[in-house]
Amino acid sequence: MNAPIPPGSVIEVADAVAAGRERAAEVCRAALARIAQIDPDVRAFLHVSADHARARATQLDSAIEAGRGGGALAGVPIAIKDNLCTRFAPTTAASRALEGFVPPYDATVVERLESAGALLVGKTNLDEFAMGSSTENSAFFPTHHPLDRGRVPGGSSGGSAAAVAAGMVPAALGSDTGGSVRQPAAFCGCVGLKPTYGRISRYGLIAYGSSLDQVGVLAGNVRDAARVLEVIAGPDARDATCSTHRPEAYSAAMTEELVSRRMAGLRLGVPREYFGEGLSDSVRRAVEAAIDKARRGGARVVDVSLPRARHSVAAYYVIATAEASSNLSRYDGVHYGVRRGAEAGIEALVRESRGAGFGAEVQRRIMLGTFALSAGYYDAYYAKALRVRRLLRDDFSAALREADVLISPTTPTTAFRLGEKLSDPLSMYLADVYTIAVNLAGLPAISIPCGADEAGLPIGLQLIAPALGESLLLQAARAFEQMLASAG
Ligand code: GLN
């Protein structure tokens, strides 16, 4: 195992560059050098945008020298999951269907990062159209776990998590439809934040399951994630589902004093369904030890129940695939990417282009979703899944009346081996048992590192808060982060 190289935190870099103590050009050079050194083994990036990042760094240095201020992310190298549209680099969603596609516009989050001074150094690998939990469904190549090249980094934001955990960038964006930010964060040993549905604009995020998709942040620590969140969150007229609530100053509110008082009296809800069958011993031990430590630190641990959570994976795979079957109908060989069979007429064009453009998992999902929505099955599957979703939200509301935040493992196991689950989709789907319900309920949640198993592989702990409760969530997560770092 190669120890990762510490990249310097988001906040340290931004504050040093904005104050003129460090030059963005130098930070950029160092990040590109780390990527060149580490990425040939890890393969987190589909595209490194070195020229673009260098040009932005030079512009930023001149602006700062001229006294024009640097922004909240001045000179911070950030990687972007390749399902977020960027004008400066191809955006493929790791699919042959979009190979070589360069969008004519930037996602809102991309625009906001750049306005805050961030240096966007490249596009990261993912499971094709964000469908998967290991990054092995990328049409191009799998990404490797930064601590053990024989293992997966998780997914679908596996490239972003690996880039952060390997010290190539201090932060990255991902997307989370059923766990795709939190699960790879847990596997790789970094922080993964999935905000409330609608907290961040989805404009320019390539749609998978539109009622579940949310942009998320991967970072080395909780305060860094908060800093990135406050830059990218907030109303956007270009996404009708984006909340009109203004974001709070999440990172500034995270003073040492507030955080040190946060644990005392915090009502910590432990959903008993998330500690049952399927949970590995090492993960259980680590999370239970963290709960005990929180109790000793003054938290009030309460037992809560999410009785409908056991139906969440089933409901998710009906709803997400139904939405995907509709969202992916636009890849027809006419508008984007690969085009095959045009000479044989429109039907052959669509059939052959989609056959050549989509990988096996994406085709499986489109067929599942089309089936679930078809006449005669709609009520039996889709309508029923929506009812389960409603009941699950009620379960969370009830649990969050008894507790301020809920705590659980992020994943049932630590990172598995490359290839281990490829022939068994159901076991791959179960990698998200603890994360999926949160998307169905639209709640904010975060995964933070919580020790390691016998093999030294990272373990993740998940905290879940009420809708738009990011402030509370981040403060609680920071309190846990400090508590877990302290001895005893
Ligand atoms: N692994 C889940 C899926 O394959 C979640 C993916 C995601 O959050 N994008 O659908």
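Just so it is clear, the values below take in all heavy atoms, side chains as well, and ignore hydrogens, waters and symmetry mates.
Distance alone, capped at 3.5 Å, is enough to place a donor-acceptor pair between the Asp127 side chain and the Asn137 backbone. Side-chain atoms of Thr196 never come within 3.5 Å of backbone atoms of Arg199 as a donor-acceptor pair (strictly under, hydrogens ignored). Looking only at distances, a side-chain donor or acceptor of Arg34 sits under 3.5 Å from a matching main-chain atom of Gly167. Side-chain atoms of Thr135 come within 3.5 Å of backbone N or O of Gly158 as a donor-acceptor pair. For Asp224 (side chain) and Val10 (main-chain N/O), a donor-acceptor pair under 3.5 Å exists by modelled atom type. With Ser210 contributing its side chain and Ala207 its backbone, the two residues share no donor-acceptor pair below 3.5 Å. Under a 3.5 Å cut-off, the side chain of Arg112 and the backbone N or O of Ile232 do form a donor-acceptor pair. Using modelled atom types, one side-chain atom of Gln214 and one backbone atom of Ile200 make a donor-acceptor pair closer than 3.5 Å. Of the possible donor and acceptor atoms, one in the side chain of Asp239 sits under 3.5 Å from a partner among the backbone N and O of Arg202. A side-chain donor-acceptor contact under 3.5 Å links Glu323 to the backbone of Ser211.
Looking at residues two or more places apart in sequence or on another chain, you find no ring pair (Phe, Tyr, Trp, His ring centres under 6.0 Å) involving Phe396. Residues satisfying the salt bridge (charged side-chain N to carboxylate O under 4.0 Å, His left out) test with Arg151, not counting sequence neighbours, are Asp148. Qualifying side chain to side chain donor-acceptor pair (under 3.5 Å) partners for Thr435, counting only residues two or more places apart in sequence or in other chains: none. In this view, Arg54 and Asp51 satisfy the salt bridge (charged side-chain N to carboxylate O under 4.0 Å, His left out) rule, not counting sequence neighbours. Considering only residues two or more places apart in sequence or on other chains, Thr411 meets the side chain to side chain contact (heavy atoms under 4.5 Å, CB included) condition with Gln183, Ala186, Phe187. Partners of Arg96 under the salt bridge (charged side-chain N to carboxylate O under 4.0 Å, His left out) rule, at least two apart in sequence or in another chain, are Glu99. Partners of His52 under the ring pair (Phe, Tyr, Trp, His ring centres under 6.0 Å) rule, at least two apart in sequence or in another chain, are Phe88. Evaluation of the ring pair (Phe, Tyr, Trp, His ring centres under 6.0 Å) rule for Tyr105 yields Tyr203 as partners, not counting sequence neighbours. With sequence neighbours left out, Asp236 forms a salt bridge (charged side-chain N to carboxylate O under 4.0 Å, His left out) with Arg238.
Between Ser180 and Ala130, the shortest heavy-atom distance links the atoms OG-O, 4.2 Å. The shortest non-hydrogen separation linking Pro195 to Gly216 is CD-CA, 4.1 Å. When all heavy atoms are compared, the tightest approach of Asp61 to Ala24 is OD1-N, 2.8 Å. Of all heavy-atom pairs spanning Ser157 and Gly174, the tightest one is OG-CA, 3.6 Å.
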Tabulate below the donor-acceptor pairs under 3.5 Å that side-chain atoms of residues 116-125 make, not counting sequence neighbours, or state none.
unit_1, atom_1, unit_2, atom_2, d
Lys123, NZ, Asp82, OD1, 2.9
Lys123, NZ, Leu84, O, 2.9
Lys123, NZ, Thr86, OG1, 2.8
Lys123, NZ, Pro90, O, 3.4
Lys123, NZ, Thr91, OG1, 2.9
Thr124, OG1, Ile80, O, 3.4
Thr124, OG1, Lys81, N, 3.4
Thr124, OG1, Ser160, OG, 2.8
Asn125, OD1, Ser138, OG, 2.8
Asn125, ND2, Phe141, O, 2.7
Asn125, ND2, Thr143, OG1, 3.0

Only distances under 3.5 Å count here; give the side-chain donor-acceptor pairs of residues 457-467 to other protein atoms, sequence neighbours excluded, each with its distance to 0.1 Å.
unit_1, atom_1, unit_2, atom_2, d
Gln462, OE1, Arg182, NH1, 2.8
Gln462, NE2, Ser408, OG, 3.1
Gln462, NE2, Tyr434, O, 2.9

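For residues 22-41, no pair satisfies ring-ring contact (aromatic ring centres under 6.0 Å, His included), with sequence neighbours left out.
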Could you go step by step and tell me if Met428 and Glu136 meet the side chain to side chain contact (heavy atoms under 4.5 Å, CB included) rule? CA-CA 11 Å; Met428 186 76 90; Glu136 293 165 294; 3.7 Å; yes

Worked check of side chain to side chain contact (heavy atoms under 4.5 Å, CB included) between Tyr316 and Asp432: CA-CA 10 Å; Tyr316 171 87; Asp432 303 306; over 6 Å; no

Audit row: Arg23, Glu65, salt bridge (charged side-chain N to carboxylate O under 4.0 Å, His left out) steps and yes/no: CA-CA 10 Å; Arg23 290 177 61 80; Glu65 262 165 48; 2.8 Å; yes

Taking it one step at a time, do Met168 and Val42 satisfy side chain to side chain contact (heavy atoms under 4.5 Å, CB included)? CA-CA 10 Å; Met168 292 189 260; Val42 174; 4.2 Å; yes

Assess the residue pair Val362 and Ser95 against the criterion (side chain to side chain contact (heavy atoms under 4.5 Å, CB included)); give the C-alpha distance rounded to whole Å, side-chain angles, the decisive distance to 0.1 Å, and a yes or no. CA-CA 9 Å; Val362 175; Ser95 181; over 6 Å; no

Does the side-chain hydrogen bond (donor to acceptor under 3.5 Å, both in side chains) test come out yes or no for Ser175 and Asp213, once each step is laid out? CA-CA 7 Å; Ser175 65; Asp213 296 340; over 6 Å; no

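By the 4.5 Å heavy-atom criterion applied to side chains, Phe129 and Asn327 are not counted as neighbours.
Between Arg365 and Glu128 no salt bridge is recorded (no basic side-chain N to carboxylate O distance below 4.0 Å). The pair Lys421-Asp424 does not meet the salt-bridge criterion, since no charged nitrogen lies less than 4.0 angstrom from a carboxylate oxygen. For Glu230 and Arg246, the salt-bridge test fails: no basic side-chain N is under 4.0 Å from an acidic carboxylate O.
One distance of note links CD of Glu470 with CG of Leu443; it measures 10.0 Å at 0.5 Å rounding. Put simply, CE on Met483 and NZ on Lys293 are 6.0 Å apart, with the number rounded to the nearest 0.5 Å.
Counting heavy-atom neighbours within 6.0 Å of Arg417 CZ, excluding the residue itself, gives a total of 12 or less.
By the 30° and 60° cut-offs, the orientation of the rings of Tyr336 relative to Tyr331 is tilted.
Considering Arg21, Arg223, Arg227 as possible partners of Asp15, the one that fulfils the salt bridge (charged side-chain N to carboxylate O under 4.0 Å, His left out) test is Arg227.
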